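Below you'll find the structure, written out as structure tokens, and then a few comments.
As the structure is a computational prediction, the values presented were derived from the model and not from experiment. Start at 1 and go down the list; that is how both ligands and their atoms are numbered.
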Amino acid sequence: MLPFKLNLLITHPLLTLIALLLSTLTVFFVQFLAGKSRRRVFLVDFACHKPPESQKCSRESVVNRARQHGLSEQNLNFMAKVLQKVGVGDSSYIAKSIMCDPPIFTVEAAREESETVIFGAVDALLAKTKVDCSEIGILIVNCCVFSVLPSLSSIIVNRYKLREDISSYNITGMGCSAGLRAIGLAKQLLEVHPNTCALVVSTENTTGSTYTGTESSKIIANCLFRIGGSATLLSNKPSHRESSKYELLHAVHNQTASSDLSYRSIFREEDAEGHTGVTINKDLLAAAILTIEQHMKTLGALILPLSEQLLYVKNYITRRLSRAKIRPYIPKFSRCAEHFLPHVGGKPVLDELQKNLGFKDAHMEASTMTLHRFGNTSSSSVWYELAYVEAKDRVKKGDRIWHIAFGSGFKCSSVIWRALVDVRGDEKNPWMSDIDDYPVNLDNSGPFPYYFQPAKQQ
Ligand SMILES: *[C@@H]1O[C@H](CO)[C@@H](O)[C@H](O)[C@H]1NC(C)=O
Ligand SMILES: *[C@@H]1O[C@H](CO)[C@@H](O)[C@H](O)[C@H]1NC(C)=O
Ligand SMILES: *[C@@H]1O[C@H](CO)[C@@H](O)[C@H](O)[C@H]1NC(C)=O
Ligand SMILES: *[C@@H]1O[C@H](CO)[C@@H](O)[C@H](O)[C@H]1NC(C)=O
């Protein structure tokens, strides 16, 4: 025997309908409230470190430096060829310790390098935002291959006398995409910690990662790498709503490290003679495509305009129903953002990405010009790119900005921002002194002499 009320519901179809309607409405209402109460995350401002003139290094002097490291003429020629083709110009910056004769590879030198870059960026950020250090409740530092004791985050807490109860994290070993991963982590933390600010610092230690051996694939990574760093202030404080530049819309991260092919495609290891360096093997493109496809599926559902999503679904259904071979529809991702800012590393991967997402050369300008002016600064490069479009006065209120980065693992991360105001370049912008010289023409003729190490047999 059913309880009385349930009985009534079953016997009266109208009541059932009303009950169903009510429960649906409740579900919608709860979801709506949850969406509303999720804290909005703002990017108050960011800053990039600009090293002093004395650390500028032309391509020719990079090769000369390497000659002093004892590289053979054959390797030096290879290096010079890569540098001609890859798009790094003559005014990027190298570490002070590498400029010394002989170069210094001590912990002290590495710490000093990191400190100069980090303090340079954070000082500029604090000056720009005028935020009080006591307002910072979350600190995240990412630096791939450098690990000191105490950690870089402790170095920052100590220097700026940050709060004792600060949640601090240092992310190491996560490659070029770690900077965007750090933004994603800050977003998640800001969603649960009310009324606070998060400071995210991205940098890289190049002193210790200079490769001194003779394997071509390791030399490539070596000769593009330059120093740089960025500091970003995120906030969920309602009081920052008015003074912020951007709002964070989405942060999506995907990785395919469970596949051996992916996992092995970029690897830091010793070569046959015992010199440590980063190997990039020929599986890189396959790994990148696998990961980027998964990433785009997730991201596409969030950011593609409805019309593109419908075209995709229509194509998917026709492909399922018809026997004829129909090409899968590749949505026009170029319609998702006004400013596309992929990190500077890995030209073959970037070319592939540009082709597949339907971006034109003009869309890649911020990325290629950043590589030309500042070299590969790893995870902080996406911030030099945003500084570039700001310096060009291109960011208008409502514009969407798409940061995307890949890295060993294989990992792919995207962060999407919306501009809350028309943004203009300010005097702390690292591009300000030479923005009018850009964009420059790059010599794109001939194939890129990329060299992949054969994949290792397992
Ligand atoms: C943080 O840094 C310390 C010292 O550099 C290091 O030992 C530790 O593994 C790092 N933690 C993480 C999570 O990277
Ligand atoms: C960072 O640089 C220092 C100094 O050169 C070096 O001792 C250290 O090994 C480097 N870290 C890594 C993991 O390469
Ligand atoms: C990509 O990452 C997001 C989280 O950032 C996750 O929800 C999604 O399932 C991932 N996509 C794939 C295809 O693994
Ligand atoms: C740029 O630097 C990162 C960090 O070391 C490295 O993983 C990546 O392979 C570099 N990109 C290129 C094209 O060398």
Side-chain angles (χ1 to χ4, degrees), residues 31 34-35 38-43 138 140 142 144 167 169 171 173-193 198 200 202 232 234 236 246-266 283-306 308-309 311-313 315-317 319-320 328-333 336-337 340-343 345-346 349-350 352-353 356-358 379 382 400-418:
Q31 276 179 352
R38 185 168 299 138
R39 294 187 179 87
R40 295 172 71 184
V41 175
F42 304 109
L43 169 67
I138 298 162
I140 305 173
N142 77 272
C144 187
S167 316
Y169 301 82
I171 299 177
M174 288 189 72
C176 294
S177 60
L180 296 182
R181 192 74 197 83
I183 297 289
L185 173 62
K187 174 175 184 268
Q188 287 171 349
L189 290 167
L190 284 171
E191 276 166 6
V192 292
H193 293 280
V200 180
S202 300
T232 308
L234 299 175
N236 59 13
Y246 304 97
E247 175 170 4
L248 205 175
L249 300 182
H250 306 287
V252 177
H253 315 280
N254 293 98
Q255 50 87 22
T256 49
S258 59
S259 134
D260 288 340
L261 174 142
S262 245
Y263 175 70
R264 287 241 148 225
S265 61
I266 304 181
D283 289 336
L284 176 72
L285 274 186
I289 289 170
L290 176 77
T291 318
I292 291 170
E293 260 175 21
Q294 296 201 359
H295 185 69
M296 290 306 157
K297 265 188 205 143
T298 308
L299 193 68
L302 292 170
I303 64 171
L304 277 175
L306 197 62
E308 287 292 314
Q309 298 203 27
L311 282 174
Y312 180 81
V313 171
N315 168 276
Y316 183 82
I317 295 173
R319 265 190 314 147
R320 281 290 139 124
Y329 178 70
I330 299 173
K332 291 192 185 58
F333 278 91
C336 295
F340 179 61
L341 308 177
H343 86 133
V349 179
L350 281 187
E352 199 66 21
L353 184 83
N356 283 311
L357 299 188
S379 58
V382 293
R400 287 155 306 168
I401 287 110
W402 180 358
H403 274 154
I404 182 166
F406 332 98
S408 53
F410 196 91
K411 297 190 272 302
C412 182
S413 295
S414 284
V415 175
I416 314 277
W417 309 91
R418 184 194 296 121

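Here is the list of ligand 3 atoms found below 4.0 Å of a heavy atom in Q294: 12 (C), 13 (C), 14 (O). For ligand 3 and N254, the ligand atoms under 4.0 Å from any heavy atom of the residue are 1 (C), 2 (O), 3 (C), 8 (C), 10 (C), 11 (N), 12 (C), 14 (O).
The pair K297-E293 fails the salt-bridge criterion, with no side-chain N (NZ, NE, NH1 or NH2) lying under 4.0 Å from an Asp/Glu carboxylate O.
Protein heavy atom in closest approach to atom 4 (C) of ligand 3: H253 O, 3.9 Å. With respect to atom 9 (O) of ligand 3, the closest heavy atom belonging to the protein is T298 OG1, 4.4 Å.
Taking a 4.0 Å cut-off on heavy atoms, K297 fails to register as neighbouring ligand 3.
Here the rule is side chain to side chain contact (heavy atoms under 4.5 Å, CB included) with I416, and of I404, V252, I303 only I303 fits it.
Looking at S414 and H295, their side chains do bring a donor and an acceptor atom within 3.5 Å of each other.
Checking side-chain atoms of E308 against main-chain N and O of P331 turns up no donor-acceptor pair under 3.5 Å.
The aromatic rings of W402 and F333 are tilted relative to each other, their planes meeting at an angle between 30° and 60°.
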